[in-house]
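In what follows, a single structure is set out as structure tokens and then discussed.
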Amino acid sequence: MSLTPQTYWAEHAWIDGRVESDVVIESAPDGRIAAVRTSVEVPPAGSVGLRGLTLPGLANAHSHAFHRALRGTVQADHGAGAAPGRQGQATAGDGQRAPDSFWTWREVMYAVAQNLTPERYFDLARVVYAEMALAGITCVGEFHYVHHQPDGTPYGEPNAMGDALIAAAAEAGIRITLLDTCYLSSGFGAAPAARQLRFSDGDADAWAARASAIKADGEHARVGAAIHSVRAVPAGQLATVVRWADERHAPLHVHLSEQTAENEACLQAHGRTPTQLLADHGALGPRTTAVHATHLTEQDIRLLGGAAATVCMCPTTERDLADGIGPAVQLQDAGSPLSLGSDSHAVIDLLEEARAMELDERLRTGKRGHWTAAQLLRAATEDGHACLGWSDAGRIEPGYLADFTTIALDSIRTAGTPPRLGPETAVFAASNADVRHTVVAGRHVVREGHHQLVQHAPGAMAEAIAAVRTP
């Protein structure tokens with residue numbers, strides 16, 4: 001792929017952990033950074049000005065694109081689902097709102113999943129990924145498990161749904177790691193429920209055969225593996241997924257201990273925690289990312305840290321679903337890098353995810369200052385890209401991918417703070433509304449807050465959501 005080289009002049013840029021001013025960033029035809037020069041007070045002729053603080057592009061390490069259709073409405077919708085072995089109802093007898101949970105939310109999610117087709121999913125994902133670009137995200141890890149037709153029958157092209165997601169990211173101008181997900185069981189060996197049939201390939205060997213056929217160019221799209229959860233992949237089939245990822249040196253992601261009910265069921269079925277079960281089947285290592293990791297034992301933390309497995313925290317989803325606050329500080333201290341994801345897209349704002357990780361920890365402990373702004377930005381940039389298989393992204397440095405985003409320092413939220421405190425302003429004051437520019441492979445995807453590739457995005461989003469919420 002050959003791209004038109006472009007020179008950018010950044011008013012301020014975060015480079016190697018510090019803020020530099022008057023920075024020239026040159027992109028090369030291969031979409032990488034050719035040169036970085038600081039203290040260039042006069043912008044070069046033909047350069048594109050980036051006013052504000054330019055950061056490496058943000059990496060959204062955990063996404064379910066179709067969950068965007070649940071935003072807002074899921075706060076009012078109540079399914080009849082409940083945790084395994086429990087009774088639940090949508091409303092109390094006096095018409096008051098009944099207690100809600102992850103399990104009732106999941107029933108609403110299943111209903112939307114049933115309405116997806118490759119065409120509808122492309123339309124929705126295209127604007128979801130455009131929303132990400134508008135929020136400064138240049139790469140997404142799409143945890144993809146809606147593979148087949150609603151009755152479980154494969155499409156004529158078995159990877160039609162995954163292909164739609166890859167194409168949608170290309171049209172929105174961002175990179176994607178398609179984390180093709182193995183999902184075989186409704187819970188520790190039980191057959192998939194009716195609304196889970198389209199997730200399952202039958203067994204891990206069939207999943208591996210299908211996943212091996214996914215086409216990705218390596219420049220805009222890469223492919224990784226995912227174990228949906230230990231309840232959804234029988235223990236005897238975990239090794240197949242691990243081997244597939246190992247053979248390709250690909251990322252391996254897994255939902256881990258998001259709910260205490262999962263932990264309890266795993267202990268009953270296997271006599272060990274989900275983390276211990278994964279460790280026993282070789283699923284933990286430096287290319288592994290554990291998503292959520294909310295309810296862990298001290299031994300679980302040691303296992304994850306000792307394996308140098310990344311942990312992806314998704315604070316806005318974890319608080320929306322009342323999941324809890326994971327032990328992120330202890331995990332990092334044990335040796336686990338941290339990354340961030342918007343998961344169910346209650347909001348798409350990686351700056352808010354970074355802020356929430358620190359602020360949630362303050363609420364939990366009654367203490368401030370668990371991470372510096374620079375450490376939180378690293379989770380949102382370099383470490384986030386690394387866990388998605390893009391170790392060549394996440395830094396403004398020659399040889400790295402020319403992916404970066406610029407945060408306004410003169411909005412009503414960010415004005416008044418010295419540029420040298422730009423990282424603190426970005427993490428603790430700014431929001432996605434302050435993203436002014438997003439550049440991917442040297443290409444100006446978002447300019448002055450406007451997406452250059454997806455026009456009329458709000459209207460397109462409304463239409464796409466209406467389509468998947470209608471049977």
Side-chain angles (χ1 to χ4, degrees), residues 58 60-62 75 83 99-105 229 253-264 266-267 273-276 278 288-381 383-384 387 423-432:
L58 307 179
N60 189 352
H62 189 66
Q75 310 299 339
D100 199 1
S101 71
F102 168 85
W103 306 100
T104 54
W105 169 90
S229 56
H253 288 222
V254 56
H255 289 133
L256 181 64
S257 292
E258 182 178 4
Q259 290 288 318
T260 55
E262 176 184 291
N263 289 356
E264 292 162 2
C266 188
L267 286 167
T273 67
T275 304
Q276 291 168 331
L278 291 172
T288 304
T289 295
V291 182
H292 302 303
T294 308
H295 304 285
L296 303 179
T297 67
E298 291 184 4
Q299 175 63 10
D300 291 341
I301 293 170
R302 287 193 292 270
L303 286 170
L304 289 164
T310 297
V311 172
C312 179
M313 309 302 290
C314 305
T316 65
T317 290
E318 289 149 6
R319 72 192 185 198
D320 183 57
L321 297 180
D323 284 344
I325 301 171
V329 172
Q330 296 94 315
L331 284 160
Q332 183 170 271
D333 289 346
S336 287
L338 300 176
S339 63
L340 297 165
S342 63
D343 191 3
S344 69
H345 311 313
V347 297
I348 294 177
D349 188 341
L350 262 287
L351 300 175
E352 171 62 19
E353 303 293 346
R355 174 164 56 245
M357 189 163 72
E358 166 66 25
L359 299 187
D360 286 355
E361 193 67 18
R362 293 181 186 185
L363 286 174
R364 190 177 71 83
T365 64
K367 298 178 181 178
R368 304 177 76 236
H370 302 277
W371 294 278
T372 65
Q375 289 173 317
L376 294 168
L377 284 177
R378 175 166 178 160
T381 56
D383 289 344
C387 81
E424 288 75 12
T425 302
V427 171
F428 292 106
S431 75
N432 54 11

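Annotation: side chain of Glu258 is in contact with side chain of Leu321 (closest heavy-atom distance under 4.5 Å). Contact annotation: the side chain of Leu256 approaches that of Thr275 to within less than 4.5 Å [non-hydrogen atoms, C-beta and beyond]. The closest side-chain heavy-atom distance from Cys314 to His292 is below 4.5 Å. Contact check for Leu303 versus Gln299: side-chain heavy atoms found under the 4.5 Å cut-off. Considering only heavy atoms from C-beta on, Val329 comes within 4.5 Å of Glu361 through its side chain. A heavy-atom distance below 4.5 Å is not found between the side chains of Glu318 and Ile325.
Every residue meeting the side chain to side chain donor-acceptor pair (under 3.5 Å) condition with Ser344, not counting sequence neighbours, appears here in chain and number order: Thr317. A search for side chain to side chain contact (heavy atoms under 4.5 Å, CB included) contacts involving Thr381 returns Trp14, Pro56, Leu58, not counting sequence neighbours. With sequence neighbours excluded, the residues satisfying side chain to side chain contact (heavy atoms under 4.5 Å, CB included) with Thr425 are Leu409, Thr414, Thr417, Ala429. Scored by the side chain to side chain contact (heavy atoms under 4.5 Å, CB included) test, Ser229 finds Arg231, Ala232, His255, Glu262 as partners (sequence neighbours excluded). For Arg302, there are no salt bridge (charged side-chain N to carboxylate O under 4.0 Å, His left out) partners two or more places apart in sequence or in a different chain. For Ser342, the side chain to side chain donor-acceptor pair (under 3.5 Å) partners are Asn60, His345, not counting sequence neighbours. The side chain to side chain contact (heavy atoms under 4.5 Å, CB included) test applied to Ile301 returns Leu296, Pro327, Gln330, Leu331, Ala334, not counting sequence neighbours. Evaluation of the salt bridge (charged side-chain N to carboxylate O under 4.0 Å, His left out) rule for Asp383 yields Arg378 as partners, not counting sequence neighbours. In this structure, Ser431 has no side chain to side chain donor-acceptor pair (under 3.5 Å) partners at least two apart in sequence or on a different chain. By the side chain to side chain donor-acceptor pair (under 3.5 Å) test, Asp349 is found to be paired with no residue, residues two or more places apart in sequence or in another chain being considered.
Between Cys312 and Gly341 the shortest heavy-atom distance is SG-N, 3.6 Å. The two atoms that bring Asp300 and His295 nearest to each other are OD2-O, 4.5 Å, heavy atoms only. Taking every heavy atom of both residues into account, Pro274 and Cys266 meet most closely at N-SG, 3.7 Å.
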What side-chain donor-acceptor pairs closer than 3.5 Å can you find for residues 350-359, not counting sequence neighbours?
from	atom 1	to	atom 2	distance (Å)
Glu352	OE1	Arg355	NE	3.1
Glu352	OE1	Arg355	NH2	2.8
Glu352	OE2	Arg319	NH1	3.1
Glu352	OE2	Arg319	NH2	3.0
Glu353	OE1	Thr316	N	3.1
Glu353	OE2	Thr316	OG1	2.5
Arg355	NH1	Val427	O	2.6
Arg355	NH1	Ala430	O	2.9
Arg355	NH2	Ala430	O	3.2
Glu358	OE1	His370	N	3.0
Glu358	OE1	Trp371	N	3.0
Glu358	OE2	Arg362	NE	2.6
Glu358	OE2	Arg362	NH2	3.4
Glu358	OE2	Gly369	N	2.9
Glu358	OE2	His370	N	3.1

Tabulate below the donor-acceptor pairs under 3.5 Å that side-chain atoms of residues 304-311 make, not counting sequence neighbours, or state none.
none

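Summarising the geometry, atom CG belonging to Leu340 is positioned 7.5 Å from atom CG belonging to Leu376; distances are rounded to the nearest 0.5 Å. Between Leu338 atom CG and Met313 atom CE the span is 7.5 Å, to the nearest 0.5 Å.
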